[in-house]
Amino acid sequence: MDSPESIMSTVRLRPTFSMRLRADRDSSVAEIRERLSASDDYSGRWRGKGRWMELHVPHGERRLWSPHLSVRLDAEPEGCTLFGRFAPHPEVWTFFMFLYFGIVFFVVFGGVFGYVQWVSSEPAWALWAVWVGVPLIGLIHVAGAVGQRLGYAQMVSLRNELAQIVDGLTD
């Protein structure tokens, strides 16, 4: 099992990890759900459908940068593999991607339009979109890294909780 430190050794968008479980996928899913349902600590903090589950930070501790842990179990010839992925909440991720693609569109459109102006011997005023947009893309990545660092303790907590939930099921 990867340690939380190895997950966060570098800043990555949506850090992932995996672990092998001894039991088959369906038995593992049922056991994990039973453990989550039986504990009051996870009441209202998890949801699942099929082989997918999500584990959230307690409601009182949630912030804009708080992660959630998405878990998927895949069948293997012997046992199954649990894949975990940390990500911001869907509304934050959607806003992040909308902003990112909007700026990329702005940069590409401004670059093409500015190039056409330049080739046509016109003042290439549209190229300013590139000079503004590229640093904004960098700023989005910096904001993501800052958010990930702010949510690091919560990522470690979620990872440790998952380790307790699957205790006895791993190889």
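Computed from a prediction, not measured in an experiment: that's the story for all the values here. Just the heavy atoms: all of them, side chains too, but no hydrogens, waters or symmetry mates, feed the values below. Along the sequence shown, residues are numbered consecutively beginning with 1.
Relative orientation of the His56 and His89 rings is parallel, given thresholds of 30° and 60° on the angle between their planes.
Atoms OG and CZ, from Ser28 and Arg20 in turn, are 10.0 Å apart once rounded to the nearest 0.5 Å. Note that the OH atom of Tyr100 and the CZ atom of Phe105 stand 15.5 Å from one another [nearest 0.5 Å]. Atom CD of Glu76 is separated from atom CD of Glu78 by 10.0 Å, given to the nearest 0.5 angstrom. Between the CE atom of Met53 and the OH atom of Tyr42 there is a distance of 12.5 Å, given to the nearest 0.5 Å. To the nearest 0.5 Å, the span separating CH2 on Trp46 from CD1 on Ile165 amounts to 9.5 Å. Atom OG in Ser120 sits 8.0 Å away from atom CD in Gln117 (nearest 0.5 Å).
Put simply, the side chain of Ile32 reaches to within 4.5 Å of the side chain of Leu82, judged on heavy atoms. The shortest side-chain heavy-atom distance between Arg85 and Leu69 does not fall under the 4.5 Å cut-off. The side-chain heavy atoms of Glu91 and Leu64, taken from C-beta on, include no pair separated by under 4.5 Å.
Proximity of a side-chain donor or acceptor of Arg35 to a complementary backbone N or O of Asp167 within less than 3.5 Å is detected.
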Q.
Go through it in stages, so that I can follow the logic: the residues are Phe17 and Phe86, the test is side-chain contact (heavy atoms from CB on, under 4.5 Å), and I'd like the CA-CA distance, side-chain angles, deciding distance and then a yes or no.
A. CA-CA 9 Å; Phe17 63 91; Phe86 293 101; 3.6 Å; yes
Q | Full working for ring pair (Phe, Tyr, Trp, His ring centres under 6.0 Å) between Trp128 and Phe106 | A | CA-CA 10 Å; Trp128 69 268; Phe106 182 67; 5.6 Å; yes
**Q.** Stepwise side-chain contact (heavy atoms from CB on, under 4.5 Å) test for Leu99 and Leu136
**A.** CA-CA 10 Å; Leu99 192 61; Leu136 285 175; over 6 Å; no
Q.
For Met19 and Val166: C-alpha separation, side-chain torsions, deciding distance, then whether side-chain contact (heavy atoms from CB on, under 4.5 Å) applies.
A. CA-CA 10 Å; Met19 62 178 80; Val166 299; 3.7 Å; yes
Q) Is there a side-chain contact (heavy atoms from CB on, under 4.5 Å) between Asp24 and Ser27 once you walk through the steps? A) CA-CA 6 Å; Asp24 65 282; Ser27 301; 2.7 Å; yes
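A search for side chain to side chain donor-acceptor pair (under 3.5 Å) contacts involving Arg47 returns Glu54, not counting sequence neighbours.
Think of Trp52 as one node in a network of Ile, Leu, Val, Met, Phe, Trp and Tyr side chains linked at under 4.5 Å; it has no links at all.
Residues Trp125 and Phe113 bring their aromatic ring centres within 6.0 Å.
Pairing each heavy atom of Gly48 with each of Arg33, the nearest pair is C-NH2, 3.4 Å. Nearest heavy atoms, Pro67 versus Val57: O-CG2, 3.5 Å. Heavy atoms only, all atoms of each residue included: Val71 and Leu73 are closest at CG1-CD1, 3.8 Å. In terms of heavy-atom proximity, Ser66 sits nearest to Gln154 at OG-OE1, 2.8 Å. Nearest heavy atoms, His68 versus Pro90: CE1-CD, 4.0 Å. The minimum heavy-atom distance between Val130 and Pro135, with the atom names listed, is O-CD, 4.1 Å.
Follow the hydrophobic side-chain contacts under 4.5 Å out from Ile140 and you reach Met97 in the same cluster. Linking Ile, Leu, Val, Met, Phe, Trp and Tyr whenever their side-chain heavy atoms come within less than 4.5 Å leaves Tyr115 and Val112 in two separate clusters. Hydrophobic clustering places Val104 together with Phe95 (ILVMFWY residues linked when any side-chain heavy atoms are closer than 4.5 Å, directly or through intermediates). Leu139 and Trp93 fall within a single hydrophobic cluster, where Ile, Leu, Val, Met, Phe, Trp and Tyr side chains are chained together by heavy-atom contacts under 4.5 Å. With hydrophobic clusters built from ILVMFWY side chains whose heavy atoms lie under 4.5 angstrom apart, Val92 does not share a cluster with Phe98.
Residues Asp40 and Ser43 bring no donor and acceptor atom of their side chains to less than 3.5 Å of each other.
The neighbour count for Phe109 CZ, taken as heavy atoms of other residues, nucleotides or ligands under 6.0 Å away, does not exceed 12.
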